[in-house]
Number of protein chains: 2
Amino acid sequence: MVKYEAIANEIRKRILRGVYPVESLIPDQISLSKEFNVSRMTMKKALDILAMEGLIYRQRGSGTYVMKTALLNKQDAVVNEYDGLTKQLKGHEITSKVIQFNVEFPSEEIMEHLMIKKNQPVYNLIRLRIVDGKPYVLEHTHMPTDLATGLTEEIMEHSIYRYIHEELGLQFGGAFRKIHADKPSKYDQEYLDCKSDDPVLEVEQVVYLKDGRPFEYSRSRHRYDTRSYTMADINKNI
Amino acid sequence: MVKYEAIANEIRKRILRGVYPVESLIPDQISLSKEFNVSRMTMKKALDILAMEGLIYRQRGSGTYVMKTALLNKQDAVVNEYDGLTKQLKGHEITSKVIQFNVEFPSEEIMEHLMIKKNQPVYNLIRLRIVDGKPYVLEHTHMPTDLATGLTEEIMEHSIYRYIHEELGLQFGGAFRKIHADKPSKYDQEYLDCKSDDPVLEVEQVVYLKDGRPFEYSRSRHRYDTRSYTMADINKNI
DNA sequence: AAGTGGTCTAGACCACCAG
DNA sequence: TGGTGGTCTAGACCACTTC
């Protein structure tokens, strides 16, 4: 663990425990760097992290303050969709039903999203994820076979992301997402158990590896009353 | 303009113009710091910006590479909802119809979202935004009267955000958003011109000022076929 | 072993806000 | 005017990849 992370963790703890109360001024960078025995640059880097998290706010010439919003419940603030459901909904019983599992050559659309050529085969799979016994999301996923090598039905019934991460050792770098509302398709009505006038929330995403190679293109469809998508958006002036 | 921003701009330009081609190795930090006559720390800070933007990827021991995704059209990558529509849809004809404009004491829900007491009056307004002659979004907005002072119908027919920013001199610090799909309400059907089975995309948000005071709570409702919400999500290891 | 990026330092100067 | 945070430096050491 590097110093600035350790310091950020300690100060975060103080804020959450109320040692530095909401809306209060915290000690200045010089005092803090003396307390933690680090240089002021390192101290500032620790505070940069907390500022990006929206816990503190700094005003040149004045000081560093704890944000009014610091104690809002942060549990769903940062949704990392590419952590996968299994990690997001820890504590719930998650099962998967594989509805389709093919290998095929990509369509024009898939080629573009995954930045691959037409002779590069892709997995094309459809999974229904079931949380605590209720249908939760219908996922249509495409992945290049040379990146997600060795996928099996067995894996798909549990966590694909765990497999990718821990077995294949690949690291995710980010994602582009598009969220929209849609009318329910036949598939949605059949598997998500929704009526013909129940709207559907679709999250369309391309997930990238750390080196920028597109790894997955997927469309995840939810019944309108079972899922909303939350996000925090901090104006980073770092 | 500080040095590291200027350098980041220059290198971004080189990437977009193909001087540093996609997937290629760019010069190392020492060479670049010599070229720009800055210290290596400053050079690294410039590269940090580009890494956060998803343009480059660094591998310790190996070098700095241009991401495969660097040339994707970035125009809608970063959506700053709190810039307001007027800025987002520059070039389109935007008009507004004020449907409701009241001052009232806040409900429990509004008090919680805006973190205010029950005796603090709020504006409660409903606006229909019309883009190029077509109804685009129906906004239900609540703002504390002591922050958005002096709001008039005249202002609401144009850009509230421009007024807040330029006339009142307030700076936005971030936002929490929740996106969901919904069935159309009577209001939606009347003003957004949608049928009874047309889904609606709702963006519910609390916008904060730089010092963390909640400034606006709003629900923006769009017909499902006129709007999707896109976002880029870079795994920042800075 | 050589070269890369990541961290950290001690000190300097600056812009800004408060009294 | 004194204190705050923001930037920048020159150099050091470390972790890691590549050869």
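Labels below follow one simple rule: chain letters A, B, ... track the order of the sequence lines, proteins then strands, and each chain is numbered from 1.
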S.K.: Report yes if some heavy atom in the side chain of T42(B) is under 4.5 Å from a heavy atom in the side chain of V2(B); otherwise report no.
M.R.: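 With C-beta onward as the side chain, the pair stays apart.
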
S.K.: Rounded to the nearest angstrom, tell me the gap between atom OH in Y57(B) and atom C1' in dG6(C).
M.R.: 14 Å

S.K.: Quick check on E5(B): does its CD atom have over 12 non-hydrogen neighbours (other residues, nucleotides or ligands) under 6.0 Å away?
M.R.: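 Atom CD in E5(B) is crowded, with more than 12 foreign heavy atoms closer than 6.0 Å.
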
S.K.: In terms of the nearest nucleotide of DNA chain C, which residue is placed more toward the 5' end: Y65(A) or E5(A)?
M.R.: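 Closer to the 5' end of DNA chain C: E5(A).
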
S.K.: Check the distance between dC17(C)'s P and L25(A)'s CG and give it to me in whole angstrom.
M.R.: 15 Å

S.K.: Can you tell me the distance, in whole Å, between the CD atom of Q59(B) and the P atom of dT18(D)?
M.R.: 6 Å

S.K.: Any pair with a residue in residues 32-43 of chain B that passes salt bridge (charged side-chain N to carboxylate O under 4.0 Å, His left out), sequence neighbours left out, goes on the list, sorted by first then second residue, please.
M.R.: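 Checked against salt bridge (charged side-chain N to carboxylate O under 4.0 Å, His left out) - neighbours excluded - the pairs reaching residues 32-43 of chain B are R14(B)-E35(B).
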
S.K.: In whole Å, I'd like the distance from the NZ atom of K45(B) to the P atom of dG6(C).
M.R.: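 The distance from NZ of K45(B) to P of dG6(C) comes to 15 Å, rounded to the nearest Å.
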
S.K.: Tell me, please, which residues at least two apart from T149(A) pass side chain to side chain donor-acceptor pair (under 3.5 Å).
M.R.: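 Expected list: none.
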
S.K.: If the condition is side chain to side chain donor-acceptor pair (under 3.5 Å), which residues does D146(B) pass it with, not counting sequence neighbours?
M.R.: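 Once residues adjacent in sequence are excluded, D146(B) has no partner under the side chain to side chain donor-acceptor pair (under 3.5 Å) criterion.
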
S.K.: Could you work out, with side chain to side chain contact (heavy atoms under 4.5 Å, CB included) as the rule, every residue matching L25(A), not counting sequence neighbours?
M.R.: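 Result, side chain to side chain contact (heavy atoms under 4.5 Å, CB included) vs L25(A): Y65(A).
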
S.K.: Taking side chain to side chain contact (heavy atoms under 4.5 Å, CB included) as the definition, give me every residue that meets it alongside S96(B), ordered by chain and number, with sequence neighbours left out.
M.R.: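 Residues passing side chain to side chain contact (heavy atoms under 4.5 Å, CB included) with S96(B): R127(B), R129(B).
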
S.K.: So, does K44(B) get its side chain near the phosphate of dG5(C), meaning an N or O under 4.0 Å from OP1 or OP2?
M.R.: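 It does not, given that no N or O in the side chain of K44(B) lies less than 4.0 Å from OP1 or OP2 of dG5(C).
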
S.K.: Of all the nucleotides listed (dC8(C), dG6(C), dC8(D)), which has the minimum atom distance to the side chain of K3(B)?
M.R.: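 So the nucleotide nearest the side chain must be dC8(D).
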
S.K.: Taking only residues two or more places apart in sequence, or in another chain, which ones meet K13(A) in a side chain to side chain contact (heavy atoms under 4.5 Å, CB included)?
M.R.: E10(A), R17(A)

S.K.: Go along nucleotides 11-16 of chain D 5' to 3' and tag each nucleotide: B for a protein heavy atom under 4.0 Å from its base, S when only backbone or sugar atoms are that close, - otherwise.
M.R.: BB--BB

S.K.: Heavy atoms within less than 4.0 Å of DNA chain D: which residues of residues 6-14 of chain A have one? Give them sorted by number.
M.R.: none

S.K.: What is the distance, to the nearest angstrom, from the CD1 atom on I49(A) to the P atom on dT7(C)?
M.R.: 9 Å

S.K.: Got a sec, which residues hit salt bridge (Lys or Arg N to Asp or Glu O under 4.0 Å) with E204(B), two or more places apart in sequence or on another chain?
M.R.: none

S.K.: Counting only side-chain nitrogens and oxygens, does Y4(B) get under 4.0 Å of the OP1 or OP2 atom of dT7(D)?
M.R.: yes

S.K.: Taking only N and O in the side chain of T64(A), is any of them less than 4.0 Å away from OP1 or OP2 of dT4(D)?
M.R.: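 So the side-chain polar atoms of T64(A) never come under 4.0 Å of the phosphate oxygens OP1 or OP2 of dT4(D).
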
S.K.: Just how far, in rounded Å, is C1' of dG5(C) from CG of L47(B)?
M.R.: 10 Å

S.K.: Can you pull out the residues from residues 27-37 of chain B that lie within a 4.0 Å heavy-atom distance of DNA chain D?
M.R.: N37(B)

S.K.: Using the ring pair (Phe, Tyr, Trp, His ring centres under 6.0 Å) rule, collect all pairs that involve residues 103-127 of chain B, keeping only residues at least two apart or in two chains.
M.R.: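 Passing the test, one end in residues 103-127 of chain B: F101(B)-Y123(B), H113(B)-Y217(B).
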
S.K.: Residues two or more places apart in sequence or in another chain: which of them pass side chain to side chain contact (heavy atoms under 4.5 Å, CB included) with P27(B)?
M.R.: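 Partners of P27(B) by the side chain to side chain contact (heavy atoms under 4.5 Å, CB included) criterion, ordered by chain and then number, come out as Y20(B), S31(B), L32(B).
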
